[in-house]
Structure formats: C-alpha cells, structure tokens
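Have a look at the structure below, then the notes.
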Protein chains: 2
Amino acid sequence: MSAIAAALGVSAATVSNALSGKGRVSPELIEKVRSKASELGYVPSLTARALRTGRTGVLGLVLPDIANPLFPQIAQAIENAASNAGYGVLIADSRGDIAAQTEAIGRLLERGVDGMVIVPRRGTRIADVGCPVAVIDTPSTPGNTVAADHWEGGAQMGRHLAALGHAKVLLIGTSVSSNVQNDRIGGLKAGLGARVECDTMWIERVEAVSGEGCPLGLAEKAAAGFTAFAAVSDLSALRALTELQRAGIGVPEMVSVTGFDDLIWSAVVTPALTTVRMDMAVIADLAIAALIRVIESEGEEEEAAGKVTSEIDRVPMQLIVRQSTGAPHADGVPNLHARTPNKPTAGELKP
Amino acid sequence: MSAIAAALGVSAATVSNALSGKGRVSPELIEKVRSKASELGYVPSLTARALRTGRTGVLGLVLPDIANPLFPQIAQAIENAASNAGYGVLIADSRGDIAAQTEAIGRLLERGVDGMVIVPRRGTRIADVGCPVAVIDTPSTPGNTVAADHWEGGAQMGRHLAALGHAKVLLIGTSVSSNVQNDRIGGLKAGLGARVECDTMWIERVEAVSGEGCPLGLAEKAAAGFTAFAAVSDLSALRALTELQRAGIGVPEMVSVTGFDDLIWSAVVTPALTTVRMDMAVIADLAIAALIRVIESEGEEEEAAGKVTSEIDRVPMQLIVRQSTGAPHADGVPNLHARTPNKPTAGELKP
DNA sequence: TATTCGTGCTTAAACGTTTAATCAGAGCAT
DNA sequence: ATGCTCTGATTAAACGTTTAAGCACGAATA
C-alpha cells in the first residue's frame with residue numbers, strides 16, 4: 001500500500017514515482033522510499049496496476065490438447081521464457097475441439113491477457129483475435145511467427161538413413177491433416193533422395209479400419225523388404241519399435257526405427273531412439289520476445305495492432321543419433337556392430 | 001462499460017445490480033439492461049472487478065516439474081475443473097528446485113491468485129502460504145487434501161500378480177525419496193502377500209553408479225528367477241519392457257511387466273502395458289471444489305484462513321489389465337495363451 | 001529587479017467495478 | 001393528514017495504482 005508508505009510524510013504519487021523511477025524525485029527520497037517499502041513488506045497490487053495501465057502482465061497459452069506428449073516441453077519452455085520476462089502464463093486447453101479453441105481464446109481475452117501464444121489445432125488458421133498473437137506451428141503455415149524447421153529436420157533424418165544405406169523405408173505418420181507431419185514427411189523424402197523407395201503409412205487410417213491400438217503389420221512390411229521405419233513422432237516410433245521387437249525382428253540389426261521430438265522416453269528405451277529434436281527453449285524465447293515487442297510498442301504505433309505478422313522465424317532441428325539406427329542387414333545377416341550398450345550419445349539431454 | 005449501458009438513462013450502479021441480480025431492480029429494467037448489454041457487446045472488466053472485490057478468479061497450479069510425463073494429465077484435469085468453475089489457471093514450474101518452488105509460489109501470490117493447487121516436489125511439505133491451498137500428493141503426506149490411493153493401487157497390482165502365480169517379483173522404483181513411490185511399493189508388497197519373494201531396485205541408485213540411461217540388468221534378474229517386474233511408473237515399465245524384449249525375453253510369455261499411471265504410450269506399445277491408473281478428473285474436481293469452498297467462505301469465517309486442512313480425500317485407483325502380464329512360465333515353457341493380439345481391454349481410454 | 005526556468009513535490013483524476021447508504025415516491029394503516 | 005414501510009432507483013465512496021497538470025521555490029537569466 002503506497003498509502004502506508006505515505007507515512008513517510010509524502011504523497012502516494014511521489015512514492016509511485018520513486019519506485020518506478022518515472023517522475024522527478026530526489027535521489028535521497030527515492031532511497032528512503034525504497035527502504036521503507038521493503039521494511040513494510042510492500043508488494044504492489046498488480047490488479048490495480050492492471051486496471052490503471054490496461055496491461056495485466058499475463059500471457060495466454062492456448063494448446064490444442066494438453067494431453068499431447070509434446071506439451072510438457074512446450075509449456076515448460078513458454079512458462080520459463082515468460083516468467084523471465086516478468087509475465088505470468090494462463091493456460092487454456094482446446095481439447096482438440098475447434099469450437100473449444102475459439103472459446104478458450106475468448107476466455108483468455110476476457111481475463112485481459114496482454115497477448116497469447118497459440119499452438120493451433122491441426123490444420124487450423126488463427127483468425128484475428130483482439131490481442132497480439134504468436135503462433136507456433138510450422139513455417140509452411142502462412143502468417144506465423146516462429147516454428148521449428150520441420151522440413152529440414154525431416155531432411156536431416158532422411159540423409160542419415162540414406163547414408164546408412166537404406167534403400168526401402170516406410171514413413172509412418174499419424175494424421176494426414178497435420179501440417180507439421182506433412183512437412184516432416186516432405187523433408188524425409190527429400191533427404192532420402194530419389195533413389196530410395198519409400199511408402200507412407202498413416203496410422204489414423206489403419207486404425208479407422210482395424211480399431212485403435214491395433215497392430216500396424218510392420219513385420220509383414222519388414223518381410224516385404226523395408227529396412228527402415230521412420231516415424232514422424234516418437235510415440236509412433238515407440239509403437240513401431242515394440243511391435244517389431246515383439247515379432248522377433250531386432251532393432252537396429254535387422255531394421256532401423258527413427259522418431260521425432262525426443263520425447264521423454266526416447267533416451268531410456270532399449271535400443272534408445274534415434275530422433276530429431278526441436279529446441280523448444282529457443283522457439284519459446286523467440287515467440288515470447290516477438291509477443292512482448294508488440295505489446296510494449298503498442299500505443300506508440302497504433303497501426304500495428306493485432307497479429308505479429310512481421311517475420312517467420314524458423315528454428316533448426318537437431319538430429320540425435322542413438323542406438324535404433326544402423327546399416328540395413330545384408331540378406332538376413334544381422335548388423336552386429338550396432339549391438340552396442342545403451343550409453344548416451346553426445347549432445348543429448350538427460351532423460 | 002457500464003457507463004455505456006448507462007446510456008439507457010439509468011445509473012451505473014443500477015446496471016451492475018441488474019446484471020448481478022444483487023440489489024433491487026425491477027424485472028423489466030433488468031431485461032432492458034441485459035439486452036442493451038449484449039447489443040453493445042459488453043464484457044465486464046475482470047480486472048476492475050478483481051480490484052474491487054479482491055478476488056481475481058484465478059488459481060495457481062504449482063508443479064514440481066512440468067517435464068514430468070504425468071503432468072499433462074494433471075494439468076488437463078485441473079484446467080478443466082477450474083474452467084468449469086469459472087476460474088483461470090496460472091501455471092508455475094518449480095523445475096525440481098525447492099527454492100524455485102517457494103519463489104514460484106511467491107510470484108503467484110503477487111499475481112493475486114485466489115488459491116493454488118500444489119503438487120509438491122518429492123518429499124517437500126508445503127508451509128503455510130498466504131492463500132487457500134490444495135495439495136495433491138499421497139494420503140500418507142500429512143495435512144493434505146486430496147490424493148489417489150497409491151497404496152491401494154499397489155495392492156491391487158500386487159494381488160493381480162499373485163493371482164497369476166508369480167512367486168518372485170522385482171519391484172522397480174525411481175527415487176527413494178518419493179512418498180508416492182514408497183506408498184505404491186508398500187501396497188505392492190502387501191498385495192503380493194508374504195509368500196512371494198520380492199526385491200526392490202531403485203533406478204536412481206543404479207544410475208548413480210552406471211550412468212544415466214544405463215541398462216538395468218534385467219535379463220540377469222530374469223535368469224535369477226524373477227518372473228515379474230513391477231515398476232512404479234510406466235516410464236520405468238517401458239524401460240524394463242524394451243530391455244527385456246531386446247534381450248530376447250518374451251513379455252508376457254516369459255516374464256510379466258507392469259507399470260503405473262497409464263501414461264500415453266501404455267496402450268499403444270506391444271505388448272500393451274498392464275498398469276494402474278488414477279482418475280485425475282476426480283482428483284482435480286475434488287481439489288478444485290475444496291479450494292473453491294474455502295475461497296467462497298472466506299470472509300464469513302475469519303478463522304479458517306489458509307490451508308484446506310479439513311479432510312483427506314483418497315481417490316481409488318483402477319487396475320487396467322492389458323497384454324504385458326500373464327502366468328509365469330513353467331520351466332521355460334512359454335505361456336502361449338498370452339500371445340493374444342493387441343486389442344484394447346474394456347475400461348481403458350483411447351490413447 | 002523582474003522574468004524565465006528547472007526541480008521536487010502535491011493534487012486530482014482516472015481505470016471499471018461493487019456496495020453501503022440514501023432518497024423519492026407509492027401504498028396503507030393509524 | 002401524518003407517519004411507516006416497501007420498492008426501485010441514485011449517490012458516493014472505495015479498491016490501489018499511474019500520470020497529467022499544477023504549484024512553490026530557488027537559481028539562472030535578461
């Protein structure tokens with residue numbers, strides 16, 4: 001309460017000026033106010049400040065589905081970046097539903113967020129909402145701010161597999177409508193090059209006919225000559241890995257399996273998954289920085305209200321080679337070289 | 001702006017009363033105000049309301065580590081419960097650090113949350129903070145509000161394994177200092193009964209000597225006669241499952257593997273994991289309900305400021321039997337009965 | 001000496017609600 | 001007619017900041 005600090009014999013306005021360093025206050029008075037404030041345990045009311053200034057210091061984080069295993073990485077990075085910048089993070093889950101997404105955005109708006117970070121539902125474009133917005137998706141989505149370079153990540157993985165000598169690889173995606181997954185698959189194909197034969201399996205489609213959690217029939221694919229299974233998400237990669245292992249097909253000495261995103265289990269599974277990781281910390285920093293830039297400059301430039309449209313930042317992805325990839329077997333002869341113990345590779349994070 | 005609504009020729013106070021149904025306003029005027037409000041697209045300023053009433057309508061969610069794979073379930077359930085009750089959720093990550101935990105709590109307080117849900121760091125007790133608090137941990141932590149009955153969940157799993165005929169099982173935990181894990185292990189032992197031999201392995205300890213992500217040596221354990229591996233988390237279970245499969249030990253026809261928490265991959269892995277799940281929706285509802293009860297009653301009863309200390313709710317856990325458990329092999333004869341296709345069990349959720 | 005200027009502070013309004021207190025008028029009993 | 005109560009509305013204060021405008025005073029300038 002600046003009223004209490006006014007027990008110094010000065011006015012509340014002076015206290016406010018002293019603490020914020022805005023107006024004209026003598027240095028010695030500033031010092032006295034400072035010490036008195038901490039003596040009294042003064043903590044400013046962000047609510048009142050928000051009412052006066054119109055800025056709450058809170059950002060919204062809109063997620064397509066909190067249950068998504070990638071979410072912890074995103075949320076942690078965003079929370080960290082925001083809190084470093086002095087902002088709080090209000091979460092909103094659109095639970096996969098597109099109506100819920102707009103409704104969640106509305107609720108955040110009512111709460112007076114200064115801006116929001118949106119990870120859009122697959123295939124959704126974010127219309128103009130009433131506040132600065134940063135979208136995290138994929139560079140191929142138009143009008144976005146920041147994203148990992150999924151295409152290039154796929155290309156890295158493709159080149160890795162091609163270099164190992166794989167000539168027939170199965171690409172495994174989940175949802176045809178996901179921009180991110182399509183980018184990754186496009187990159188994979190490009191990285192593999194024209195000479196390697198590849199086929200794409202969409203889990204969503206096989207589950208539509210065989211039921212959820214059904215076997216993907218990968219043993220048959222292996223028998224048909226596929227030597228590498230490049231999933232577009234670590235969850236699918238895990239599914240492939242266990243299904244192959246269960247069928248007695250050794251990974252990586254018979255076939256290779258790769259994933260995407262370096263999810264929590266990738267490093268602890270046997271064999272540890274070769275995957276591609278995005279640097280969420282960097283992405284979050286960029287998104288938050290862009291958001292804050294717009295927020296702070298609002299008022300000075302009236303025209304640029306709304307979307308953060310200026311630039312598309314694409315953050316490179318990082319290939320992490322672990323134990324699940326190796327050279328393809330030559331006529332059933334297992335690649336024993338790959339039977340190394342499961343020790344961590346350089347450049348990987350702790351699980 | 002109620003000022004704009006005052007263009008009806010009435011005062012702002014009357015508009016406020018009309019919309020909230022508090023004071024004495026004639027029914028027809030209420031109707032007129034309502035229609036005018038929606039006509040003008042009026043949206044009340046929660047900030048101003050917060051300043052006046054001292055309640056922000058925001059709850060804090062303090063998590064030990066957002067990167068924890070269980071976090072999505074928790075966050076989603078809490079967010080859902082809170083938003084149904086009309087509250088927003090501000091997240092705070094203590095990143096495993098105990099100092100960061102108190103600091104995060106402090107930041108939430110400054111932001112004026114009405115209450116907070118805390119999932120404490122392992123082994124931490126939450127001291128009295130300046131607002132209503134609901135703690136989600138384990139019933140054996142004193143002074144808590146709501147938790148899954150981890151002990152009983154362990155007991156269910158123990159009984160399941162005992163009923164299948166396992167006589168020597170290895171219990172796998174991560175961290176010795178976790179109350180939750182200790183409860184689960186206690187329950188497992190009790191459920192297995194005195195006649196089955198069991199040993200406990202703490203991953204934290206073996207990693208301390210062999211490095212992170214090292215093999216756990218489970219093949220040797222199997223050779224030593226262990227026929228079931230009961231992990232206290234699905235992540236450890238997955239680690240065990242893949243390590244055993246890789247070593248050529250069939251699950252479940254040679255040994256059984258079980259987990260805890262029904263994490264995202266449990267259902268899609270082959271063989272799908274038998275696990276125990278907590279009903280996060282119920283837990284979240286209870287926590288939020290308790291919190292809100294205290295918040296709303298504050299002011300009426302002055303004495304009960306602070307902790308929600310009244311009751312400890314323990315929510316039952318649910319055993320989900322899938323394909324990773326079966327009868328122990330008799331002298332190396334695989335239990336072929338268990339080689340069923342990977343189809344979902346009744347009572348399980350979609351992945 | 002009178003004017004301007006800069007400094008250090010105060011006054012007052014404003015942000016958009018809620019709510020206690022007040023008030024004008026109507027109906028009704030005395 | 002006078003007093004009472006009940007109803008439907010108004011007034012005004014308050015929540016805790018920020019900030020534009022103003023003011024008094026001493027120093028520098030004309």
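In the text below, chain A, chain B and the rest are named by the order of the sequence lines, each starting its count at 1.
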With sugar-phosphate meaning primed atoms plus P, OP1 and OP2, does A:Thr14 contact a base, only sugar-phosphate, or nothing at under 4.0 Å between heavy atoms? base
Heavy atoms only, 4.0 Å cut-off, all strands: where does A:Arg24 land among base, sugar-phosphate and nothing? base
Report which part of the nucleic acid A:Gly112 touches: base, sugar-phosphate, or nothing (heavy-atom distance under 4.0 Å, all strands). nothing
Looking across every strand, which nucleic acid part, if any, lies under 4.0 Å from A:Leu29 by heavy atom: base, sugar-phosphate, or nothing? sugar-phosphate
Verify the distance criterion only: is there a donor paired with an acceptor across the side chains of B:Asp114 and B:Thr56 at less than 3.5 Å? yes
Which nucleotide wins on minimum distance to the side chain of B:Ser45, given the candidates C:dG16, D:dG8, D:dT17? C:dG16
Taking only side-chain nitrogens and oxygens of B:Ser26, does any of them come within less than 4.0 Å of OP1 or OP2 of D:dA9? yes
Are any side-chain N or O atoms of B:Ser297 and backbone N or O atoms of B:Val294, one a donor and one an acceptor, separated by less than 3.5 Å? yes
Please tell me which of the listed nucleotides, C:dT11, D:dC23, D:dT10, lies nearest to the side chain of A:Ala13? C:dT11
Would you mind telling me which residue lines up with the more 5' stretch of DNA chain C, A:Ala48 or A:Gly9, judged by nearest nucleotide? A:Gly9
Ranking A:Thr53 and A:Pro27 by the position along DNA chain C of their nearest nucleotide, the one closer to 5' is A:Pro27
Main-chain N/O of A:Leu63 paired with A:Ser94 side-chain donor or acceptor, under 3.5 Å: yes
Has A:His150 got a side-chain atom pairing as donor or acceptor with A:Met278's backbone, closer than 3.5 angstrom? no
Looking at the side chain of A:Leu51, which of D:dT11, C:dT19, C:dC15 is the nearest nucleotide? C:dC15
If you check every side-chain atom of A:Val10, which of D:dA9, D:dT17, C:dT10 has the closest atom? C:dT10
